[in-house]
A.B. asks: 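Quick one: this structure, given as structure tokens, is what I'll be asking you about.
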Amino acid sequence: MMDLSPILNSYNTFIETQLKDRFFKHRDLVSIISKHASTAAQEVVGHSVEGRELILLRLGNGPMKVFLWSQMHGDETTGTMAIMDLLNFLKHPAFASFATEILSSCTLYLLPMVNPDGAERFTRRNAQQLDINRDYLSAKSTEAQILKAVHANIQPDFGFNLHDQSDLWGVQHTTNPAAVSFLAPAFDEGCSLNDNRRHAMQVIACMKASLDAQLPGKMGLFDDTYEPRAFGDNFQASGTATILIEGGTMIGDVEAQQVRKMVFGAILAGLKAISSAEYEAVPLDNYFNIPKNSKTLFHLIIHDIEVNGLKTSVGINYKPSPGVGGTQVDRFYTIEDIGDLHTMSAHEVFEASTLQLEGSIVYDEPANFSLMRGKEPVLSFKNGILQSKVIF
């Protein structure tokens with residue numbers, strides 16, 4: 001499998017520096033794309049509901065056609081960032097031989113930010129409040145129509161469907177968050193196998209193996225329940241070997257910049273496997289042995305806290321919502337569980353054995369309490385809003 005370490009160690013030499021957080025907008029993307037006019041053919045393939053351009057980039061001249069698309073959900077930005085990093089990487093002089101191998105074997109088609117109106121608001125859905133990734137069959141949304149038409153025109157051999165998953169997904173049988181997750185989507189209710197789905201599984205196995213050194217125990221396999229309205233499932237059915245890459249979470253990586261790096265690495269490893277055809281020799285068991293994703297995470301866990309006369313644990317999650325202008329996320333915290341949570345994990349853990357509780361903790365209600373050390377609050381919520389937090 002590909003050794004990604006030398007490339008990822010040089011990541012800062014080709015990262016797209018205009019993208020520093022998750023809240024970039026269509027105008028930022030257009031500015032970046034314009035810098036690649038000499039190396040990537042560019043075509044406006046349509047416009048969003050609110051008139052923003054969807055731009056298809058093409059580079060390479062190889063016989064294998066690979067289509068990458070991202071940000072069908074406007075608040076899932078990691079894939080778009082990774083695609084922009086890929087464009088920089090492919091013209092970096094230090095990696096010219098690598099780029100030549102890929103671009104002589106493959107023709108790459110890149111459609112970043114399928115949902116620019118959602119990105120403007122930092123919301124999952126488009127301006128008409130439709131989930132584009134559940135609109136394949138009816139194609140009511142302009143963006144779904146464009147994506148279907150582009151795919152039909154290219155008829156790609158491989159497709160990379162780039163998404164982000166909730167930061168509450170963990171890796172089964174571990175306490176780790178899932179930093180990156182994969183899936184070769186099903187094309188029927190029986191989750192049958194055909195050649196192109198097998199090829200997708202083999203490429204995913206190459207990606208996972210190439211990232212094992214960077215993410216030991218931090219990669220998962222997403223649920224493969226058939227979704228007849230989704231693009232990945234239908235592209236798989238059409239003959240495109242379709243690979244879902246879900247950017248997840250790493251503790252402390254609030255703006256997903258480390259996850260971005262790992263998603264870039266996964267894409268690169270996949271392109272290497274395709275261009276060299278090394279995936280063809282990979283056993284399918286390598287795919288099926290990838291651990292499943294599981295919901296084992298909370299945003300916060302408090303251990304050894306007295307609730308209703310019992311010493312127990314409390315799990316708290318927040319629901320994110322876009323702030324004004326789509327440049328930040330507001331968080332509303334709710335009590336998600338009370339009980340034995342010692343087999344669970346969290347982004348942040350508080351031990352309350354020496355702290356005093358002010359207020360009350362009520363299951364399925366907004367967090368509305370303070371944990372005090374003497375007169376100083378260690379963790380404090382008011383009507384679901386975080387007031388203060390002390391990090392030790």
Side-chain angles (χ1 to χ4, degrees), residues 1-2 4 8 66-73 76 78-83 86 133 156-174 176-187 191 193-194 196-227 230-233 235-236 240-250 256 258-274 278-280 282-296:
M1 295 301 108
M2 178 183 180
L4 282 170
L8 294 182
V66 184
F67 179 33
L68 298 88
W69 68 99
S70 68
Q71 221 166 333
M72 298 178 73
H73 299 135
E76 297 181 6
T78 307
T80 302
M81 291 190 280
I83 286 177
L86 178 68
N133 201 28
D157 301 290
F158 284 88
F160 287 40
N161 187 8
L162 306 177
H163 285 264
D164 289 343
Q165 65 185 25
S166 164
D167 61 2
L168 295 177
W169 283 106
V171 179
Q172 193 176 47
H173 306 311
T174 78
N176 297 328
V180 180
S181 296
F182 303 102
L183 179 68
F187 59 86
C191 298
L193 295 181
N194 59 10
N196 63 281
R197 190 171 183 227
R198 288 188 187 94
H199 293 163
M201 291 175 173
Q202 290 170 301
V203 172
I204 287 170
C206 292
M207 293 175 171
K208 198 266 182 183
S210 296
L211 280 172
D212 269 338
Q214 284 75 30
L215 296 173
K218 296 178 181 177
M219 289 178 283
L221 203 59
F222 211 70
D223 176 45
D224 68 349
T225 301
Y226 176 60
E227 173 46 79
F231 274 78
D233 303 59
F235 285 177
Q236 196 82 275
T240 296
T242 303
I243 295 160
L244 173 67
I245 303 177
E246 295 265 3
T249 190
M250 298 174 73
Q258 287 300 309
V259 169
R260 161 194 186 170
K261 180 178 178 179
M262 296 300 111
V263 170
F264 162 80
I267 293 170
L268 195 61
L271 294 177
K272 169 69 172 176
I274 293 167
E278 66 177 302
Y279 72 89
E280 294 176 354
V282 174
L284 285 184
D285 281 350
N286 291 15
Y287 172 85
F288 289 111
N289 289 336
I290 298 173
K292 300 292 190 296
N293 278 350
S294 63
K295 279 287 180 74
T296 57

A.B. asks: With distance as the sole test, does Thr240 use its side chain to make a donor-acceptor pair with the main-chain N or O of Phe158 at under 3.5 Å?
C.D. replies: no
A.B. asks: Under 3.5 Å, which donor-acceptor pairs link side chains of residues 205-215 to any protein atom two or more places apart or in another chain?
C.D. replies:
unit_1	atom_1	unit_2	atom_2	d
Lys208	NZ	Asp212	OD1	3.0
Ser210	OG	Met2	N	3.4
Ser210	OG	Met2	O	3.3
Ser210	OG	Cys206	O	2.9
Gln214	NE2	Ser5	OG	3.2

A.B. asks: Is the closest side-chain heavy-atom distance between Met219 and Val171 below 4.5 Å?
C.D. replies: no
A.B. asks: Step through it carefully: locate the ring centre of Phe160, locate the ring centre of Trp69, and say whether they are under 6.0 Å apart.
C.D. replies: no
A.B. asks: Checking Asn293 against Gln172: is there a side-chain donor and acceptor pair closer than 3.5 Å?
C.D. replies: no
A.B. asks: Going by side chain to side chain donor-acceptor pair (under 3.5 Å), name the residues that satisfy it together with Asp164, two or more places apart in sequence or in a different chain.
C.D. replies: Thr78
A.B. asks: Heavy atoms only: give me the nearest Leu244-Pro185 pair and the separation to one decimal.
C.D. replies: N-CD, 4.4 Å
A.B. asks: Is there side-chain contact between Glu246 and Val180, with at least one heavy-atom pair below 4.5 Å?
C.D. replies: no
A.B. asks: Using the salt bridge (Lys or Arg N to Asp or Glu O under 4.0 Å) criterion, which residues pair with Glu76? Sequence neighbours excluded.
C.D. replies: Arg124
A.B. asks: Has the side chain of Arg197 got a donor or acceptor atom that lies under 3.5 Å from a matching backbone atom of Cys191?
C.D. replies: yes
A.B. asks: Under the rule for ring pair (Phe, Tyr, Trp, His ring centres under 6.0 Å), what residues qualify as partners of Phe231, not counting sequence neighbours?
C.D. replies: Tyr136, Phe235
A.B. asks: Side chains of His163 and Asn133: closer than 4.5 Å at any heavy-atom pair?
C.D. replies: yes
A.B. asks: At their closest point, which heavy atom of Gly217 faces which heavy atom of Thr174, and how far apart are they?
C.D. replies: O-OG1, 4.1 Å
A.B. asks: OG1/Thr296 to CG/Asn176 distance, rounded to the nearest 0.5 angstrom?
C.D. replies: 8.5 Å
A.B. asks: Can you find a pair of side-chain heavy atoms, one from Val66 and one from Asp157, that are under 4.5 Å apart?
C.D. replies: no
A.B. asks: Using 0.5 Å steps for rounding, measure from the CG atom of Leu168 to the NZ atom of Lys295.
C.D. replies: 6.0 Å
A.B. asks: Taking the side chain as everything from C-beta on, heavy atoms only, tell me whether Met262 gets closer than 4.5 Å to Leu8.
C.D. replies: yes
A.B. asks: In the structure I gave you, are the side-chain heavy atoms of Ser294 and His173 within less than 4.5 Å of one another anywhere?
C.D. replies: no
A.B. asks: Taking all heavy atoms of Gly248 and all of Gln165, pick out the closest pair and write down the distance.
C.D. replies: CA-CG, 3.9 Å
A.B. asks: Contact between Ile267 and Ile245 at the side-chain level, heavy atoms closer than 4.5 Å - yes or no?
C.D. replies: yes
A.B. asks: Enumerate, atom names and distances included, each donor-acceptor pair closer than 3.5 Å involving a side-chain atom of residues 284-292, sequence neighbours excluded.
C.D. replies:
unit_1	atom_1	unit_2	atom_2	d
Tyr287	OH	Ala184	N	3.0
Asn289	ND2	Asp285	O	3.0

A.B. asks: To the closest 0.5 Å, what do you measure between CE (Met81) and CD (Gln71)?
C.D. replies: 8.5 Å
A.B. asks: Just one of Thr242, Asn194, Asp233, Leu193 clears the side chain to side chain contact (heavy atoms under 4.5 Å, CB included) bar with Phe187, so which one?
C.D. replies: Asn194
A.B. asks: Taking salt bridge (Lys or Arg N to Asp or Glu O under 4.0 Å) as the definition, give me every residue that meets it alongside Lys272, ordered by chain and number, with sequence neighbours left out.
C.D. replies: Glu101
A.B. asks: What distance do Asp167 atom CG and Met250 atom CE have between them, rounded to the nearest 0.5 Å?
C.D. replies: 13.5 Å
